[in-house]
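One-based numbering, in listed order, for ligands and for the atoms of each.
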Amino acid sequence: MRQSSLVVVAMRLPIDDDVARDGACEWRRSPGGLVNALHPILQHTPTTWIGWTGSTGPAPQLPDLDSVRLHAVPLSEEEFAEHYEGFANSTLWPLYHDAVEQPVYHRKWFQTYRQVNERFAEAADACAEPGATVWVQDYHLQLVPGLLRERRPDLRIGFFMHVPFPPPELFVQLPRRAELLAGMLGADLVGFQREQAAHNFAQLATKVLGARATDRRIELADGHLVRIGAFPVSIDMAELAALAQRPEVAARATQIRHDLGDPRRVILAVDRLDYTKGIEQRLKAYSELIAGGHVKVHDTVMVQVAVPSRERVAQYRILRDRVEREVGRINGEFSRVGEPAVHYLNRPFDRAELAALYRVADIMAVTPLRDGMNLVAKEYVATRFDHTGALVLSEFAGAAAEFDRAYLVNPHDLDGLKGALIRAIEADPADVAERMRAMRAHLAEHDIHAWLHRYLTALDTGETLVAHLKR
Ligand code: ADP
Ligand code: F6P
């Protein structure tokens with residue numbers, strides 16, 4: 001086993017499988033920000049990325065991805081059902097998102113969650129050279145820092161939670177709450193998207209584990225000190241802005257607008273088809289705007305991109321049926337021949353097509369009921385290089401803490417949501433430009449490279465890894 005001085009441990013590997021021309025399966029780099037951002041370090045630091053390919057069965061041997069060694073962790077069909085679909089996405093996911101859907105508790109799921117976490121910890125142990133840095137990502141792997149520290153006290157361990165971390169009143173519902181907290185506290189640094197999440201975590205460490213905690217540090221009974229804090233994740237703004245300015249993307253945007261009937265305004269929403277994203281509320285608000293005569297279908301078109309996600313989980317299947325019924329209802333009631341009210345696109349797109357869609361959007365509606373960050377909001381801002389475009393943004397997305405110049409809205413308040421859409425539709429272009437300028441200036445300063453630099457500086461106390469980061 002080749003060992004590395006930096007090991008990233010995430011549920012998913014930074015690759016997608018693709019079917020090659022000859023029908024064979026081939027792997028290509030997925031367009032995730034994290035692996036791009038790690039690039040400056042990767043060129044100087046032997047790195048291993050541990051993750052799952054997304055398919056069940058034995059783990060394949062994977063080729064290196066540039067300088068990153070890929071180590072695939074296998075998941076059986078049962079583990080997929082009980083760890084990924086079960087404890088991660090039917091227990092933790094709804095609970096961490098304000099319990100907007102009822103979390104499901106099954107004792108067996110936690111056992112499988114632990115079993116899969118142990119496998120990831122074993123893999124990290126095998127791949128980490130003495131004194132290495134191991135960086136564990138997200139709610140699927142909350143036990144890994146603790147399991148790894150037991151095996152390897154020599155490692156520097158970071159943990160970053162990409163999703164919200166809930167208030168104590170919700171978290172204490174979890175039957176295995178103490179183990180989950182202790183798992184995260186195996187790290188030296190636990191990072192969250194927002195200050196409030198770090199505060200929730202500190203309160204829980206005190207309440208459930210009796211630790212001494214502030215919003216910056218937690219001291220455990222055995223003397224282990226864990227630093228905590230907010231490190232809002234970001235995107236590669238420069239890369240996306242460059243893509244959006246490419247002539248072929250501009251041409252594609254013109255074509256899309258034309259295909260939409262050259263309307264005066266396009267409202268765009270881009271989400272995973274997830275009940276946290278507020279898709280139903282948004283569709284309802286738009287249909288009420290049409291019904292109330294505030295917008296005319298030929299004049300203001302809505303495009304809803306909803307990429308399928310976690311499709312075997314019951315709550316996601318139910319959501320898909322409901323969303324599709326609502327789209328059908330709206331189109332049945334308000335469309336004319338060749339002029340649908342809602343253009344509903346239920347499939348993945350490549351980055352260039354997404355960038356073209358963002359360029360077409362006069363109004364971008366990002367209105368989740370709860371979201372750790374919401375990178376779509378940041379991607380939209382990155383593509384608006386001419387300072388046009390109004391962002392309607394939920395107060396409950398992590399991005400709202402950074403984009404206070406967006407048209408902020410409470411997506412549970414339907415009248416408020418309609419009001420925010422109308423304000424964005426009718427806004428003075430000078431006001432729109434001023435807001436977009438401010439958001440772009442913030443994003444340029446706080447891109448994925450800045451995020452990586454802040455997190456690793458805090459984890460690494462300014463030594464080896466950080467020396468490789470360009471700023
Ligand atoms: P989440 O992590 O909950 O999915 P984010 O908004 O943070 O939400 O991230 C979603 C990511 O998925 C973004 O990078 C976005 O560009 C991408 N994405 C969303 N819809 C599609 C789609 N239809 N095709 C390809 N990528 C998509
Ligand atoms: O942002 C939370 C998250 O679970 C990520 O970890 C993940 O990449 C994304 O949502 C998509 O979900 P999934 O990996 O379940 O398809």
Side-chain angles (χ1 to χ4, degrees), residues 8-16 30-37 49 51-55 75 80 83-94 96-97 100 136-142 159-165 192-193 232-237 239-240 243-244 268-279 303-313 315-316 343-358 361 364-383 391 393-394 396-400 402-403 448 451:
V8 175
V9 188
M11 187 67 208
R12 290 194 183 265
L13 287 162
I15 50 170
D16 293 324
S30 58
L34 191 53
V35 72
N36 286 335
W49 188 304
W52 169 58
T53 60
S55 303
L75 244 63
F80 174 61
H83 169 278
Y84 172 80
E85 295 184 320
F87 196 76
N89 284 316
S90 300
T91 306
L92 296 180
W93 179 270
Y96 286 8
H97 289 84
V100 293
V136 184
Q137 314 283 323
D138 231 352
Y139 63 104
H140 315 87
L141 301 175
Q142 264 174 244
F159 181 82
F160 186 76
M161 184 69 99
H162 290 257
V163 302
F165 193 76
F192 298 94
Q193 301 280 22
V233 74
S234 195
I235 59 163
D236 192 336
M237 182 188 188
E239 188 191 49
L240 193 54
L243 177 64
L268 175 68
V270 174
D271 309 278
R272 260 183 323 100
L273 190 38
D274 193 298
Y275 51 80
T276 60
K277 302 290 182 183
I279 300 172
V303 179
Q304 172 69 62
V305 176
V307 64
S309 179
R310 307 170 190 168
E311 290 182 273
R312 298 195 325 181
V313 176
Q315 290 158 328
Y316 287 76
H343 296 254
Y344 175 69
L345 305 168
N346 183 226
R347 56 180 187 277
F349 293 109
D350 63 27
R351 301 298 289 168
E353 185 72 2
L354 273 181
L357 281 163
Y358 289 142
M364 183 81 207
V366 180
T367 56
L369 305 178
R370 177 61 72 191
D371 212 327
M373 172 51 64
N374 198 290
L375 295 179
V376 165
K378 292 190 169 179
E379 289 171 0
Y380 177 65
V381 168
T383 62
L391 174 63
L393 179 62
S394 165
F396 304 121
E402 297 177 78
F403 289 161
I448 186 89
W451 176 70

Shortest protein heavy-atom distance from atom 19 (C) of ligand 1, along with the residue and atom involved | V270 CG1, 3.6 Å
Is the closest heavy-atom distance from Q137 to ligand 2 below 4.0 Å?
-> no
Which word best sums up how the rings of Y96 and Y139 line up, parallel for under 30°, tilted for 30 to 60°, or perpendicular for over 60°?
-> perpendicular
R12 side chain to Y84 side chain, donor-acceptor N/O pair below 3.5 angstrom = yes
Closest non-hydrogen protein atom to atom 24 (N) of ligand 1, residue and atom name please, with distance?
-> F349 N, 2.7 Å
Near R272, which atoms of ligand 1 are under 4.0 Å from a heavy atom of that residue?
-> 1 (P), 3 (O), 4 (O)
Can you name the closest pair of heavy atoms from Y275 and V100 and give their distance?
-> CD1-CG2, 3.7 Å
To the nearest 0.5 Å, how far apart are CG in L345 and CD in E353?
-> 9.0 Å
Atoms of ligand 2 less than 4.0 Å from Y139 heavy atoms?
-> 4 (O)
Would you mind listing which atoms of ligand 2 come within a distance below 4.0 Å of any non-hydrogen atom of W93?
-> 2 (C), 4 (O)
Is there a donor-acceptor contact under 3.5 Å from the side chain of T91 to the main chain of A88?
-> no
Distance (rounded to the nearest 0.5 Å) between L393 CG and K378 NZ = 10.5 Å
What's the shortest heavy-atom distance between R310 and D274, and which atoms?
-> NH1-OD2, 3.5 Å
Please determine if R12 has a nitrogen or oxygen closer than 3.5 Å to a nitrogen or oxygen of ligand 2.
-> yes
Any atoms of ligand 2 less than 4.0 Å from a non-hydrogen atom of H140? List them with their elements.
-> 4 (O), 6 (O)
Return yes if some donor-acceptor pair links the side-chain N/O of D138 with the main-chain N/O of H140 below 3.5 Å, else return no.
-> no
Would a distance-only check, ignoring hydrogens and angles, find a side-chain to backbone donor-acceptor pair under 3.5 Å from D271 to A306?
-> no
Taking only heavy atoms of R351 into account, list the atoms of ligand 1 that are under 4.0 Å away from them.
-> 14 (O), 16 (O)
Interatomic distance, CG@L273 vs OH@Y316, rounded to 0.5 Å, equals 9.5 Å
What atoms of ligand 2 come closer than 4.0 angstrom to any heavy atom of Y84?
-> 13 (P), 15 (O), 16 (O)
Shortest protein heavy-atom distance from atom 21 (C) of ligand 1, along with the residue and atom involved = V307 CG1, 3.9 Å
Answer yes or no for atom 12 (O) of ligand 1: protein heavy atom present at a distance under 4.0 Å?
-> no
Answer whether the closest heavy-atom distance between the side chains of V270 and Y380 falls below 4.5 Å.
-> no
Over all atoms of both residues, closest heavy-atom pair of M373 and P232 = CE-CB, 3.6 Å
Could you check atom 5 (C) of ligand 2 against the protein and tell me its nearest heavy-atom contact, residue, atom and distance included?
-> D138 OD2, 3.9 Å
Note the single closest protein heavy atom to atom 10 (C) of ligand 1, along with its residue, its atom name and the distance in Å.
-> V376 CG2, 4.3 Å
Name the closest protein heavy atom to atom 11 (C) of ligand 2, giving the residue it belongs to and the distance to 0.1 Å.
-> R272 NE, 3.6 Å
What residue and atom, counting heavy atoms only, is the protein's closest point to atom 5 (P) of ligand 1, and at what distance?
-> L375 N, 3.5 Å
Sub-3.5 Å N/O-N/O distance, R310 and ligand 2 = yes
Search all heavy atoms of F396 against all heavy atoms of L369 and return the closest pair with its distance.
-> CB-O, 3.1 Å
What are the atoms of ligand 2, with element, lying closer than 4.0 Å to any heavy atom of V163?
-> 2 (C)
side-chain contact (heavy atoms from CB on, under 4.5 Å) test vs M161 passes for just one of Q193, Q137, Q142, namely Q142
Ranked by distance from atom 16 (O) of ligand 1, the top protein heavy atom is E379 OE1, 2.5 Å
Near-ring test F160/W451, centroid separation under 6.0 angstrom | yes
In this structure, atom 8 (O) of ligand 1 is nearest to the protein heavy atom K277 NZ, 3.1 Å
If we number the atoms of ligand 1 from 1 as shown, the ones under 4.0 Å from a heavy atom of V305 are 23 (N)
Do any non-hydrogen protein atoms sit less than 4.0 Å from atom 8 (O) of ligand 2?
-> no
Heavy atom of the protein closest to atom 23 (N) of ligand 1 (residue, atom name, distance) | R347 O, 3.0 Å
Atom 2 (C) of ligand 2 protein-contacted, heavy-atom criterion under 4.0 angstrom = yes
Any N or O of H162 closer than 3.5 Å to N or O of ligand 2 | no
Please could you name the atoms of ligand 1 that L354 approaches to less than 4.0 Å, counting only its heavy atoms?
-> 16 (O), 25 (C), 26 (N), 27 (C)
